[in-house]
Each structure stands twice: as C-alpha cells, then as structure tokens.
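These notes are about the structure you will find just below.
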Amino acid sequence: MTKAVLGEVPVGISNRHIHLSQEHLEALFGPGYELTIKKDLSQTGQYAAEETLTIEGPKSALKNVRILGPVRKETQVEISRTDAFSLGLKPPVRDSGHLEDSPGIKLIGPKGTIELDKGVIIAQRHIHMNEADAEAFGVKDKEIVSVRAGGERGLVFDNVLVRVRSDFVLEMHIDTDEANAGMLNNGQMVEVFRD
C-alpha cells in the first residue's frame with residue numbers, strides 16, 4: 001500500500017530532563033530562586049537551565065539531570081526506557097502534562113529534597129508545528145502520524161503525536177533510546193507520512 005508523504009521535519013533528541021513548578025524549584029534551591037539560562041532550545045521561550053538535580057528511584061539514582069525552563073504549573077520528569085530500568089520504575093508513555101497514574105521519584109537539590117508521588121513519564125514521540133506548518137502538512141492538533149528515518153539503520157516510528165500551537169517551531173522530538181536505535185542526529189531530516 002502506498003504511503004502518503006506529508007513532508008519532512010528535523011529531529012530534536014531529548015535527553016532525560018525535569019520541568020519544575022515554582023514551588024518545587026524553591027524547595028530544592030531556596031526561596032525566591034530563579035533558573036539560570038544555559039542555552040535556548042528550539043521551541044520559543046524554552047531553555048536548558050544551568051541547574052541540575054539528582055533523581056533517585058527504588059534501584060538507583062541519576063545525577064546531573066538537567067532542568068528545563070521556564071517553570072511550569074506541575075513538576076514533570078521525562079526519562080527514557082533505559083533510564084526507567086536503571087531507576088527501577090515503570091513510567092507510562094505519555095504526552096507532556098498528562099501525569100495521572102505515573103510513578104513518583106525523589107528529587108535531590110542543593111537546598112532540599114522532594115518526594116514526588118507522581119510525575120515520571122516516558123514522553124510520547126511528537127512533532128511540534130505551528131498552524132501554517134499543520135496546514136502545509138494537512139494535519140491537525142492531536143493527530144497521529146508515522147515518520148520514516150532513512151540511513152544505515154533506517155526505521156519507521158508509528159504513533160507520533162502532532163502538537164500544533166502558534167509559537168511552536170517545526171521539529172520532531174524523540175528520546176535518546178529512539179535516536180540511538182535509528183542512529184539519528186539532531187537536525188537530521190525525517191519523512192512524515194500517513195497510510
């Protein structure tokens with residue numbers, strides 16, 4: 001059966017990271033604390049902060065896990081399946097912000113420790129695009145598409161969530177496990193299609 005190719009998008013590889021609420025930021029770093037921008041990310045207003053935390057699960061801990069800013073309404077920890085095995089957790093694959101029935105984890109900062117009762121997810125692979133991109137691709141917000149990556153270890157990603165918002169910059173986000181499986185690099189172009 002012929003696949004309908006919708007266009008190409010660049011890949012953005014997402015390493016494990018943490019989104020903090022202001023309340024949790026202050027609990028971990030001190031009252032009134034504000035994140036320090038290390039590097040702007042491709043999405044408008046998003047950045048990697050200088051600050052890192054240790055995250056501790058039932059089996060092990062991971063140090064120097066980067067915080068991404070700005071602060072959010074709710075704290076969320078995004079890890080890969082490999083990280084989950086190492087930490088001893090079984091997080092669900094979810095769209096960002098959907099934290100119900102997800103496991104918790106301990107966050108260790110320089111001024112405090114927090115025990116989250118939920119908030120750890122494996123991020124669902126997704127494509128950020130604005131309304132003009134969505135129109136050009138012929139897709140809608142929350143639609144599910146597939147993506148083909150060529151190369152030496154070419155593969156197809158199914159169940160890729162389309163996320164449309166006016167300030168989004170066109171980019172597909174996958175985690176390090178997915179990128180390593182296909183030997184993909186940041187900025188590499190991949191092909192979006194539907195059956």
Side-chain angles (χ1 to χ4, degrees), residues 3-19 39-43 46-48 52-53 55 57 59-68 72 76-103 105 118-130 133-134 137 139-165 168-195:
K3 311 287 187 192
V5 176
L6 308 177
E8 290 189 327
V9 297
V11 169
I13 301 165
S14 183
N15 200 354
R16 66 181 77 107
H17 61 270
I18 303 163
H19 299 281
K39 175 183 155 189
D40 287 321
L41 301 177
S42 60
Q43 298 306 312
Q46 304 291 306
Y47 59 88
T52 63
L53 296 172
I55 60 174
K59 279 176 50 180
S60 69
L62 296 170
K63 296 182 178 184
N64 301 314
V65 179
R66 183 79 47 204
I67 298 170
L68 300 188
R72 290 193 175 181
Q76 174 177 299
V77 179
E78 295 182 33
I79 60 175
S80 71
R81 179 81 187 235
T82 301
D83 293 334
F85 281 129
S86 172
L87 291 164
L89 296 173
K90 292 183 180 177
V93 176
R94 292 279 174 76
D95 185 19
S96 182
H98 296 260
L99 306 179
E100 61 282 349
D101 301 319
S102 62
I105 199 164
K118 66 176 182 178
V120 182
I121 64 168
I122 297 171
Q124 182 174 357
R125 58 182 78 113
H126 58 276
I127 301 171
H128 289 279
M129 56 176 68
N130 62 33
D133 296 323
F137 278 72
V139 296
K140 293 181 172 56
D141 187 43
K142 305 294 186 198
E143 187 172 338
I144 300 295
V145 295
S146 296
V147 173
R148 181 183 300 108
E152 219 176 338
R153 295 192 69 191
L155 47 74
V156 171
F157 295 107
D158 288 325
N159 302 316
V160 181
L161 177 67
V162 173
R163 297 176 62 197
V164 180
R165 204 169 75 192
F168 279 164
V169 175
L170 186 63
E171 188 174 56
M172 176 182 173
H173 285 176
I174 56 176
D175 68 26
T176 51
D177 284 356
E178 295 170 310
N180 288 339
M183 295 179 69
L184 296 169
N185 298 309
N186 278 312
Q188 187 170 334
M189 299 303 287
V190 291
E191 200 171 59
V192 181
F193 67 94
R194 67 160 70 91
D195 291 328

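Just so it is clear, the model here is predicted, and its values are computed rather than measured.
The two atoms that bring Glu8 and Phe137 nearest to each other are O-CZ, 3.5 Å, heavy atoms only. Here the closest heavy-atom approach between residue Glu78 and residue Gln76 is recorded as OE2-NE2, 2.6 Å. Looking at every heavy atom in both residues, Ser60 comes nearest to Leu87 through O-CD2, 3.3 Å. Considering all non-hydrogen atoms of both residues, Pro103 and Leu89 come closest at CB-CD2, 4.3 Å. The minimum heavy-atom distance linking Phe168 with Met129 is given by the pair CB-O, 3.5 Å. Scanning all heavy atoms of the two residues, the minimum distance from Leu62 to Ser86 falls at CD2-OG, 4.5 Å.
Between Asp177 and Arg81 there is no salt bridge, since no side-chain N of the basic residue sits under 4.0 Å from a carboxylate O of the acidic one. We find that Lys142 and Asp95 are joined by a salt bridge, their nearest charged nitrogen and carboxylate oxygen being less than 4.0 Å apart. Salt bridge annotation for Glu100-Lys118: absent, with no cationic side-chain nitrogen under 4.0 angstrom from a carboxylate oxygen.
Looking only at side-chain heavy atoms (C-beta outward), Val156 and Val147 stay at 4.5 Å or farther from each other. By the 4.5 Å heavy-atom criterion applied to side chains, Ile13 and Asp175 are not counted as neighbours. When side chains are defined from C-beta on, Arg125 does not count as touching Leu161, because their heavy atoms never get closer than 4.5 Å. Counting only heavy atoms from C-beta outward, the side chains of Val65 and Thr52 never approach each other to under 4.5 Å. Within the 4.5 Å cutoff, the side chain of Val190 has heavy atoms near those of the Val9 side chain. Residues Ile174 and Val11 form a side-chain contact, since some pair of their non-hydrogen atoms from C-beta on lies under 4.5 Å apart. Using a 4.5 Å heavy-atom cutoff, the side chains of Ile79 and Ile55 are in contact.
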Practice item. Report the C-alpha distance between Val93 and Ile121 in whole Å, list the side-chain angles of each, state the deciding distance to 0.1 Å, and finish with yes or no for side-chain contact (heavy atoms from CB on, under 4.5 Å). Key: CA-CA 6 Å; Val93 176; Ile121 64 168; over 6 Å; no

Exercise for review: Determine, stepwise, if the pair Leu170 / Asn130 fulfils side-chain contact (heavy atoms from CB on, under 4.5 Å).
Suggested key: CA-CA 7 Å; Leu170 186 63; Asn130 62 33; over 6 Å; no

Exercise for review: Kindly indicate, with the supporting measurements, whether the criterion side-chain contact (heavy atoms from CB on, under 4.5 Å) is fulfilled by Val162 and Asp141.
Suggested key: CA-CA 6 Å; Val162 173; Asp141 187 43; 5.6 Å; no

Point to revise | Worked verdict on Val145 versus Ile127 for side-chain contact (heavy atoms from CB on, under 4.5 Å) | key: CA-CA 9 Å; Val145 295; Ile127 301 171; 4.1 Å; yes

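Between atom CD of residue Glu178 and atom CG of residue Asn180 there is a gap of 10.0 Å, rounded to the nearest 0.5 Å. Here CG of Asp158 is found 4.0 Å from OG of Ser146. Values are rounded to the nearest 0.5 Å. Interatomic distance, NZ of Lys39 versus CG of Leu68, reported as 10.5 Å (0.5 Å rounding). For the atom pair Asp133 CG and His128 NE2, the distance stands at 12.0 Å (nearest 0.5 Å). To the nearest 0.5 Å, atoms CZ (Arg148) and CZ (Phe157) are separated by 12.5 Å. Summarising the geometry, atom CZ belonging to Arg66 is positioned 11.5 Å from atom CZ belonging to Arg16; distances are rounded to the nearest 0.5 Å.
Distance alone, capped at 3.5 Å, places no donor-acceptor pair between the Lys140 side chain and the Ala134 backbone. Counting only distance, with no hydrogens or angles, the side chain of Gln43 and the backbone of Val169 share a donor-acceptor pair below 3.5 Å. Formation of a donor-acceptor pair under 3.5 Å by the Ser102 side chain with backbone atoms of Gly119 is found in this model. A donor-acceptor pair under 3.5 Å is absent between the side-chain atoms of Asn185 and the main chain of Gln188, judged by distance alone.
Within a 6.0 Å sphere centred on CE of Met183, other residues, nucleotides and ligands contribute 12 heavy atoms or fewer.
Ser96 pairs with exactly one of Gln124, Arg72, Arg163 by the side chain to side chain donor-acceptor pair (under 3.5 Å) rule, that one being Arg72.
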